[in-house]
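Just below is one structure, and these are the notes that go with it.
Since this is a predicted model, take the numbers as computed values, not measurements.
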Amino acid sequence: MNDAATRAKVTLTMDGSNRSVDLPLMPGTIGPAVADIRKLYADLGIFTYDPGYGGTAACESKITYIDGDKGILLYRGYPIEQLAEKSSFLEVAYLLLNGELPNAAQRVEFDRGVVRHTMVHEQLRRFYDGFRRDAHPMAVMCGVVGALSAFYHDSLDINDPEVRRISAFRLVAKVPTIAAWAYKYSIGEPFMYPRNDLGYAANFLYMMNAVPTERWVENEILTRAMDRILILHADHEQNASTSTVRLAGSTGANPFACIAAGIASLWGPAHGGANEAVLKMLGEIGHVKNIPDFLARVKGKDGHARLMGFGHRVYKNYDPRAKIMQQTCHEVLGELGIKDDPLLDLAQELERIALSDDYFVSRKLYPNVDFYSGIILKAMGFPTSMFTVLFAVARTIGWISQWKEMIEDPSQRIGRPRQVYTGPVQRDYIPVEGR
Ligand code: CMC
């Protein structure tokens with residue numbers, strides 16, 4: 001008997017016929033095995049139906065692993081808690097992109113590679129003038145990041161590994177500059193050019209907060225908090241925006257266009273827009289005494305109200321990132337001398353009440369990464385419209401790592417889902433006078 005014959009499989013039998021098919025099971029290193037259905041249509045003439053892809057693995061990946069029941073998140077095997085405590089964002093970026101933590105020399109070279117690319121083409125500055133000052137910065141991000149592909153004609157050959165490497169550097173390095181400029185544009189302040197003597201997180205805070213007329217002083221606690229927020233958001237396996245990047249990339253589109261597609265997908269309130277929505281929700285609730293009324297509306301599904309920052313497609317337990325966020329939140333508020341933050345008090349009370357309410361408990365709805373991130377970012381001076389932008393800055397390394405993995409995967413094909421067609425059967429055209 002050969003290996004293939006002994007491999008685990010599931011057998012699918014068509015009701016009312018004696019036709020069946022063996023679907024080989026592909027094991028992962030951890031997590032459930034997946035049934036390989038590629039031959040299903042050829043053998044049984046049927047497709048599978050899975051709106052929202054809740055039970056479908058669209059690719060093989062070695063980057064990130066989530067155990068949603070246990071609340072575990074690993075980047076390349078390393079627990080998120082250890083990385084958040086001991087590592088730095090650029091080291092995590094190296095890890096996600098290359099598969100291993102860098103040694104000292106690799107780390108210096110990688111950091112230098114990113115730093116060398118932080119400036120954007122001076123012509124790109126002019127793009128901002130085309131936007132209204134009150135444009136949402138995510139709209140500016142979609143446009144300006146997409147426009148990068150018009151500037152790098154030398155790096156559009158995705159089959160060249162060196163091009164893929166440089167594109168990753170360019171994106172990770174330039175996205176903070178583009179993001180900070182979107183903010184500066186919205187408030188009418190001069191753009192601050194990147195400072196390559198600062199670390200990645202500090203440089204971002206500098207470009208966001210500094211003005212040319214004053215000396216900017218780095219606050220190491222806030223830099224560390226920002227670095228940790230970036231680590232926590234860096235990747236999250238096949239979520240909506242990452243799947244969007246992979247789908248766009250599967251057509252051979254250039255990486256800048258693919259990341260712009262990812263940014264568009266991240267924008268929605270069910271995904272990266274949730275941190276902005278959490279603050280809006282807390283503002284609407286206004287006071288602890290209004291929590292029961294608000295939760296009653298959520299549970300009654302009145303007007304599609306949801307408890308933003310709660311629930312997750314994969315986590316059916318506490319999101320491990322939310323725990324670290326909560327701790328970071330206390331550190332940041334402590335550093336900023338904010339003793340009683342009414343928003344934090346409200347959020348904590350909301351969490352307490354929700355976690356003892358059968359509606360949320362029975363549906364396994366727990367706080368996700370976005371529940372506390374908005375409170376930290378607000379305390380650090382970020383306007384709510386920049387929250388999702390910050391998520392995009394952090395997630396760029398995850399998107400580009402997943403894109404690179406996909407391009408280098410020999411089994412990669414253009415993404416092309418099927419459908420159940422429920423429209424009219426074939427019929428003949430009727431001229432307008434006969435309708
Ligand atoms: N508030 C109230 N009810 C909820 C919520 C919520 N936040 N999330 C899910 N439910 C209910 C939902 O109504 C449904 O109830 P029922 O079975 O009675 O119809 C049940 O829980 C299952 O929900 P679902 O819509 O099937 O779950 P999903 O996996 O499709 O949605 C989600 C996941 C994240 C979109 C959703 O939980 C949600 O909208 N949460 C609020 C938005 C949010 O915080 N998003 C950030 C996610 S973490 C950051 C990121 O990855 O981008």
Side-chain angles (χ1 to χ4, degrees), residues 1-78 96 99 158-159 235-253 258 262 265 312-317 363-364 398-399 401-426:
M1 229 188 248
N2 64 24
D3 268 4
T6 55
R7 215 181 288 153
K9 60 181 192 303
V10 284
T11 304
L12 203 64
T13 307
M14 194 95 138
D15 250 4
S17 85
N18 55 4
R19 291 169 67 201
S20 69
V21 62
D22 287 340
L23 305 173
L25 279 182
M26 292 171 65
T29 42
I30 25 176
V34 302
D36 179 349
I37 59 158
R38 278 176 290 185
K39 283 176 61 203
L40 190 59
Y41 180 62
D43 289 354
L44 284 190
I46 57 170
F47 296 128
T48 56
Y49 180 63
D50 185 18
Y53 313 114
T56 298
C59 64
E60 191 182 321
S61 182
K62 295 180 168 56
I63 302 176
T64 294
Y65 175 76
I66 303 172
D67 184 328
D69 294 323
K70 295 194 183 123
I72 291 173
L73 169 62
L74 312 175
Y75 291 166
R76 301 279 190 185
Y78 295 102
L96 289 171
I158 57 166
N159 298 314
D235 195 49
H236 214 227
E237 53 119 307
Q238 309 311 318
N239 55 82
S241 58
T242 302
S243 299
T244 303
V245 170
R246 279 187 177 257
L247 195 57
S250 76
T251 68
C258 295
S265 172
H312 198 274
R313 170 60 60 80
V314 182
Y315 292 118
K316 301 302 168 199
N317 199 326
R363 288 172 178 76
K364 299 189 174 162
W399 289 329
S401 303
Q402 299 266 354
W403 171 83
K404 178 174 170 286
E405 181 179 64
M406 180 196 64
I407 300 292
E408 291 168 4
D409 180 350
S411 65
Q412 188 267 324
R413 303 167 76 199
I414 185 169
R416 196 349 182 148
R418 308 304 294 238
Q419 63 170 10
V420 194
Y421 176 70
T422 53
V425 295
Q426 184 171 332

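- Using a 4.5 Å cut-off on side-chain heavy atoms (C-beta onward), Gln402 and Val245 make no contact.
- For Asp69, the side chain to side chain contact (heavy atoms under 4.5 Å, CB included) criterion is met by Asp67, Lys316, not counting sequence neighbours.
- A ring-centre distance under 6.0 Å is found for Tyr315 and His236.
- Between Ile72 and Ile66 there is no side-chain heavy-atom pair separated by less than 4.5 Å.
- Arg246 and Gln238 form a side-chain donor-acceptor contact under 3.5 Å, judged by distance and modelled atom types alone.
- Using a 4.5 Å cut-off on side-chain heavy atoms (C-beta onward), Met14 and Ser20 make no contact.
- What you find for Gly262 and Trp399 is that their closest heavy atoms are O-CZ2, 3.6 Å.
- With hydrogens and angles left out, the side-chain atoms of Asp50 and Thr48 include no donor and acceptor closer than 3.5 Å.
- Taking the side chain as every heavy atom from C-beta outward, Arg19 and Leu44 approach each other to under 4.5 Å.
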Q.
Does Glu237 form a side-chain hydrogen bond (donor to acceptor under 3.5 Å, both in side chains) with Thr242? I'd like the steps, not just the answer.
A. CA-CA 7 Å; Glu237 53 119 307; Thr242 302; over 6 Å; no
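- The main-chain N or O of Ala248 is found under 3.5 Å from a side-chain atom of Thr251 such that the two form a donor-acceptor pair.
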**Q.** side chain to side chain contact (heavy atoms under 4.5 Å, CB included) evaluation trace for Tyr75 with Asp235
**A.** CA-CA 8 Å; Tyr75 291 166; Asp235 195 49; 4.2 Å; yes
Q: Could you give me the CA-CA distance, side-chain angles and deciding distance for Tyr65 and Thr29, then say whether side chain to side chain contact (heavy atoms under 4.5 Å, CB included) is met?
A: CA-CA 10 Å; Tyr65 175 76; Thr29 42; over 6 Å; no
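- The backbone N or O of Gly52 sits less than 3.5 Å from a side-chain atom of Arg313, completing a donor-acceptor pair.
- Taking 4.5 Å as the limit, every side-chain heavy atom of Cys59 sits out of range of all side-chain heavy atoms of Met406.
- Checked by atom type and distance alone, the side chain of Thr56 never pairs as donor or acceptor with a backbone atom of Ala58 at under 3.5 Å.
- Between Leu74 and Ile30 there is a side-chain heavy-atom pair separated by less than 4.5 Å.
- Ser265 and Thr244 are linked by a side-chain donor-acceptor pair at a separation below 3.5 angstrom, with hydrogens and angles left out of the test.
- No donor-acceptor pair under 3.5 Å is formed between the side chain of Tyr49 and the backbone N or O of Val420.
- For Leu23, the side chain to side chain contact (heavy atoms under 4.5 Å, CB included) partners are Val10, Leu12, Val21, Ala35, Ile37, Leu40, not counting sequence neighbours.
- The shortest heavy-atom contact between Ala253 and Trp403 is O-NE1, 4.2 Å.
- Within the structure, the ring-ring contact (aromatic ring centres under 6.0 Å, His included) test picks out the following pairs touching residues 10-41 (sequence neighbours left out): Tyr41-Phe47.
- Summarising the geometry of Leu247 relative to Ser250, their closest heavy-atom pair is O-OG, 2.7 Å, with the distance given to 0.1 Å.
- Side-chain contact between Val34 and Leu25: absent, with no pair of heavy atoms (C-beta onward) separated by less than 4.5 Å.
- Atom CD of Glu405 is separated from atom NZ of Lys62 by 7.0 Å, given to the nearest 0.5 angstrom.
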